[in-house]
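The analysis underlying the following values was restricted to heavy atoms, covering all of them including side chains, and did not include hydrogens, waters or symmetry mates. A note on names: the letters A, B, ... follow the listed sequences, proteins ahead of strands, and every chain is numbered from 1.
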Amino acid sequence: MANISITLPDGSIKQFDTEPTVLQVAESIGSRLAKDTLGGQINDASEVIDLRTKLPDGTRLKIVTKGSTESLEVVRHSSAHLMAQAVQQLWPEVKVTIGPVIDDGFFYDFDSPFAFTPEDLIKIEKKMNFLLKKNEVVSKEVWSKEKAIQTFSEMDENFKVEIIKDLGEDEVSVYRQGDWFDLCRGPHVQKMGQIKAIKVLHTAGAYWRGDEKNPQLQRIYATAFNSKQELDEYLHLLEEAKKRDHRKLSKDLGMVYHHPFAPGAPFFTEKGTIVYNELQSYLKSCYLKYGYSEVITPQIFDHQLYEKSGHAANYAENIYTTHVHERNFSVKPMNCPGHCLLYGATKKSYRDLPWRIADFGRLHRKEKSGALHGLTRVTTFCQDDAHIFCRMDQLMTEIKSFMTFLNEVYQQLGMSNYKIYLSTRPENRMGSDDVWDQSEAALEKALKELNLEYTVNPGDGAFYGPKLDIMFVDALKRPWQLGTLQCDFNMPEAFQLKYVGEDNSAHQPVMLHRAILGSFERFIGVYLEHTAGRLPCWLAPVQVVLMNITSQHSDYCKELESQLLSRGVRVHFDSRNEKLGFKVREAQLQQIPYMVTVGDKEVENKSVTVRLLNGKTHGGYAADEFINNIVSEVKNRELNSFFEK
RNA sequence: GCCCAUGUGGCUCAGUGGUAGAGCACACCCUUGGUAAGGGUGAGGUCGAGAGUUCGAUUCUCUCCAUGGGCACCA
């Protein structure tokens, strides 16, 4: 008597006498499908459930089969168990904790009396592959909480015991493969042989339950894929990412230098400074258009400023403070408090708003030593920072203008792939709900009117206001947070900022913190990784390299050089007594956009032969035309070469 | 800050309990060569810093600094 119905994606309905498992549904359709089943998705949820899960009447089921993207989650989950099994077979004294699936793989945290060496990782991978061949069946058992606690206690798996005790359930599930088992919610594969390709990657220290007060565990990162080919592709991608690492690129391209005497504080060389300054002047040119004024504010303030702003209470450990002449002075970690002082310097009318001030001030923040990273996490940096003080009713227009500005910049830089996140009011917050309502609504309305897609992160806003975060997705599909727009009701209050309204009484402005690139340091790092160092001509430290074939062509090169220089083009004449191939190689490695070769032909008819970074050469180009084209390409900050149009 | 690893000429990296080597870069010489490395010679290093063990330490141990992989942090 069939009284349980399961609906499949095609709309067909399967009937069962008792609640079937995902696998049983698959079996009722076909044995081939059953064999390939790795899990299920129910009622349109994205979560993948275990194939052994019983389905209640009326469930809509989508079966997850091998080879699918969804199945990766299951495969990786089981791979984590496989890794734990391998580790415990190799070293029975190592205790297990947890092993979740992450974006590109999985990890397992072990409580081990010793640290795993690279050789150990090789052993583990070998053991895993050995165990895979045994193709053990994975079975699920449901234990009472007491039995689970007792069993794991006897095994001295105290971290597991802690997890079980913290679970609110009376029963827990345990997955078994051969003689090894682990407490787990699933989902898992049917047989270990369904894991097709694994790779143990690296180790790391990690705190138990992510809390630095807890003991530190040994984490092993690994990944698994549905085929050897997919794994190889992933490993290849890792290699590519390594080549694009901005720390390597910025060094190889001679842009950035680090010295142990200035940890976390990069030097920008002559070349790096060109990129930095070009970006800055580009933004300055936009500021004119978008109604910003630039200001310069002090580097060091009496610490009282940060007591007033509230940073002393929440952010003191990141502020460099020193005691001089009986006073505490702090190096500014952000521009906003200084800008509030400047706001208060003159009496403001509603007519003065919106007041938009930009500041390229250098900031310093003390960071914990382990936090530093190349150009993306530094102790000193310069934001493309600006603050907008406006009336509540101007908020939406300002937000729209900012998003338009940001989009213009990102398009110009070839960064069209970005995502917008709207973070709304957190539990602990300041300001009235009315103000939060208005500002959240303004943010949403602005995005909608601009037809921009966005994701809401409920409760993720700052305590002082809601915000937009812009995540740029680079050429390797990696997300980076660069731009931001934050509403702030706190600082205007802390500094008692006012303007005189039309009604002749005092009102408090809203303050907007905003940045498009974030910081030049971080941006240059991200942009180098995005472009793999191949910068558009207007940003390239050297735009043209002139290469003479023999010394007889020197004079013509010098003539070209001075013409280019007089038109503001950054040109380098490689006059060395070297073969052309050698000069080309170096210019290519330095990613110089225009490699100009000059020999008899060129001297004779006042032309140039141009090689682009893609290896293509364009011969017999009139020198005048070439120069004019470059000048206009740079002036317009074009993304691509005029040859590629 | 925590766990682990690493630190050798400007760069990339070998190597050793008896005070160091290559390639590139650099200097000089030869080579005048049409699109990713022509040849020769030479100079250049207290082997990250300090302490310890040792007859002797770049090598072993410890501490510190920096960097890297993560964790934690990033009002």
task = Write down the distance between NZ (A:Lys242) and C1' (B:G68), rounded to a whole number of angstrom.
result = 10 Å

query = Roughly how far apart, to the nearest Å, are B:U8 and B:U59 at atom C1'?
reply = 11 Å

ask   = Salt bridge between A:Asp433 and A:Arg429, side-chain N to carboxylate O under 4.0 Å?
value = yes

query = Which is true for A:Gly619 with a 4.0 Å heavy-atom rule: it touches a base, it touches only sugar-phosphate, or it touches nothing?
reply = nothing

ask   = Taking atom P in both B:G40 and B:U6, what distance in whole Å separates the two?
value = 36 Å

ask   = Which of these nucleotides, B:G34, B:C4, B:U35, is closest to any side-chain atom of A:Lys601?
value = B:G34

ask   = Can you list the steps and then say if A:Arg219 with A:Tyr221 is a side-chain hydrogen bond (donor to acceptor under 3.5 Å, both in side chains)?
value = CA-CA 6 Å; A:Arg219 174 171 296 179; A:Tyr221 283 91; 3.1 Å; yes

ask   = In terms of side-chain geometry, is the basic nitrogen of A:Lys242 or A:Glu529 positioned less than 4.0 Å from the acidic oxygen of its partner?
value = no

query = What integer distance in Å separates A:Asp103:CG from B:G70:C1'?
reply = 16 Å

request  = Quick one: the dot-bracket string of RNA chain B, using Watson-Crick and G-U wobble pairs with both distances under 3.5 Å, [ ] for crossing pairs and | for bases paired to another strand.
outcome  = (((((((..((((....[..)))).(((((.......))))).....(((((..]....))))))))))))....

inquiry  = Looking only at the side chain of A:Val584 (C-beta and beyond, no hydrogens), which of the listed nucleotides B:A37, B:G34, B:U35 gets closest?
reply    = B:U35

request  = Describe the nucleic acid contact of A:Gly581 in one word from base, sugar-phosphate, nothing, applying a heavy-atom distance below 4.0 Å.
outcome  = sugar-phosphate

query = Under 4.0 angstrom, heavy atoms only, what part of the nucleic acid is A:His373 near: base, sugar-phosphate, or nothing?
reply = sugar-phosphate

A:Arg425/A:Glu440 ion pair, N-O < 4.0 Å = yes

task = Figure out the NE2/C1' separation between A:His259 and B:A66, and round it to whole Å.
result = 10 Å

ask   = Taking the C1' atom of each, how far is B:G50 from B:A57, in whole Å?
value = 14 Å

request  = Could you work out which one of B:U32, B:G34, B:U67 sits closest to the side chain of A:Pro263?
outcome  = B:U67

ask   = Distance check: side-chain N/O of A:Arg247 vs OP1/OP2 of B:G68, anything under 4.0 Å?
value = yes

Nearest-Å distance once atom C1' is located in both B:G17 and B:C47 = 14 Å

query = Any side-chain N or O of A:Lys583 less than 4.0 Å from the OP1 or OP2 oxygen of B:G33?
reply = no

message = Using a 4.0 Å heavy-atom cut-off, does A:Leu589 contact any base of the nucleic acid, only the sugar-phosphate backbone, or nothing at all?
response = base

task = Write down the distance separating the C1' atoms in B:G9 and B:U58, rounded off to the nearest Å.
result = 14 Å

remark   = With the side chain defined as heavy atoms from C-beta on, A:Lys579 is closest, among B:A37, B:G70, B:G38, to B:G38

message = Both A:Met595 and A:His202 contact RNA chain B. Taking the nearest nucleotide for each, which residue is further toward the 5' end?
response = A:Met595

Please table the atom pairs, donor to acceptor, closer than 3.5 Å between any side-chain atom in residues 462-472 of chain A and protein atoms at least two apart or in another chain.
{"unit_1": "A:Tyr464", "atom_1": "OH", "unit_2": "A:Gln486", "atom_2": "OE1", "d": "2.5"}
{"unit_1": "A:Lys467", "atom_1": "NZ", "unit_2": "A:Asp469", "atom_2": "OD2", "d": "3.4"}
{"unit_1": "A:Asp469", "atom_1": "OD1", "unit_2": "A:Gln481", "atom_2": "NE2", "d": "3.3"}
{"unit_1": "A:Asp469", "atom_1": "OD1", "unit_2": "A:Thr484", "atom_2": "OG1", "d": "3.1"}

query = Is there a donor and acceptor pair closer than 3.5 Å between the side chain of A:Thr617 and the base of B:U35?
reply = no

inquiry  = Is it the case that the side chains of A:Tyr594 and A:Glu633 hold a donor-acceptor pair, with the cut-off being a distance below 3.5 Å and no angle test?
reply    = yes

ask   = Tell me: CE of A:Met255 to P of B:C11, nearest whole Å?
value = 18 Å

inquiry  = Is the phosphate of B:G1 approached by A:Ser369 (side-chain N or O, under 4.0 Å from OP1 or OP2)?
reply    = yes

task = Measure from CG on A:Leu580 to P on B:A36 and round the result to the nearest Å.
result = 8 Å

ask   = Quick one: does A:Thr550 reach the base of B:G33 with a side-chain donor-acceptor pair under 3.5 Å?
value = no

query = Would you call A:Glu644 and A:Lys616 a salt bridge, using N to O less than 4.0 angstrom?
reply = no

key: Spacing of the P atoms in B:C74 and B:C60 (rounded, Å)   = 39 Å

request  = Determine the Euclidean distance between corresponding P atoms of B:A37 and B:G1; express it in Å to zero decimal places.
outcome  = 47 Å

message = Strictly under 4.0 angstrom, non-hydrogen atoms only: write out the protein contact profile of nucleotides 25-30 of chain B, one letter per nucleotide from the 5' end, B, S or -.
response = S-----

message = Taking the six-membered ring for Trp, are A:Tyr306 and A:Tyr315 closer than 6.0 Å centroid to centroid?
response = no

Return the polar atom pairs (N/O with N/O) between nucleotides 71-75 of chain B and the protein under 3.5 Å, or none.
{"unit_1": "B:C71", "atom_1": "O4'", "unit_2": "A:Gly205", "atom_2": "O", "d": "3.1"}
{"unit_1": "B:C71", "atom_1": "O2'", "unit_2": "A:Tyr207", "atom_2": "N", "d": "3.1"}
{"unit_1": "B:C71", "atom_1": "N4", "unit_2": "A:Gly370", "atom_2": "O", "d": "3.4"}
{"unit_1": "B:A72", "atom_1": "O2'", "unit_2": "A:Glu212", "atom_2": "OE2", "d": "3.2"}
{"unit_1": "B:C73", "atom_1": "O2", "unit_2": "A:Arg377", "atom_2": "NH2", "d": "2.8"}
{"unit_1": "B:C73", "atom_1": "N3", "unit_2": "A:Arg377", "atom_2": "NH1", "d": "3.1"}
{"unit_1": "B:A75", "atom_1": "N7", "unit_2": "A:His311", "atom_2": "NE2", "d": "2.9"}
{"unit_1": "B:A75", "atom_1": "N6", "unit_2": "A:His311", "atom_2": "NE2", "d": "2.6"}
{"unit_1": "B:A75", "atom_1": "N1", "unit_2": "A:Tyr464", "atom_2": "OH", "d": "3.1"}

Side chain to side chain contact (heavy atoms under 4.5 Å, CB included) partners for A:Asp120, two or more places apart = A:Trp91, A:Phe114, A:Phe116, A:Thr117, A:Lys123

task = Please work out if A:Thr117 contacts a base, only the sugar-phosphate, or nothing of the nucleic acid, heavy-atom cut-off 4.0 Å.
result = nothing

message = Please report the distance separating the P of B:G10 from the corresponding atom of B:C71, rounded so that it comes out in whole Å.
response = 34 Å

ask   = Rounded to whole angstrom units, what separation is found between the CG atom of A:Asp574 and the P atom of B:U32?
value = 18 Å

task = Please work out if A:Gly374 contacts a base, only the sugar-phosphate, or nothing of the nucleic acid, heavy-atom cut-off 4.0 Å.
result = sugar-phosphate

request  = Would you check if A:Val598 and A:Leu560 make a side-chain contact, meaning some heavy-atom pair closer than 4.5 Å?
outcome  = yes

query = Any ion pair linking A:Asp109 and A:Arg209 (charged N to carboxylate O, less than 4.0 Å)?
reply = no

task = May I ask you to verify whether the side chain of A:Glu602 and the base of B:G34 hold a donor-acceptor pair under 3.5 Å?
result = yes

request  = Determine the interplanar angle of the A:His618 and A:Phe643 rings, folded into 0 to 90°, and report it as parallel if under 30°, tilted if 30 to 60°, perpendicular if over 60°.
outcome  = parallel

key: Contact list for residues 252-273 of chain A, test salt bridge (charged side-chain N to carboxylate O under 4.0 Å, His left out), sequence neighbours left out   = A:Lys248-A:Asp252

Option from A:Phe360, A:Tyr527, A:Phe268 for which ring pair (Phe, Tyr, Trp, His ring centres under 6.0 Å) with A:Phe520 holds = A:Phe360

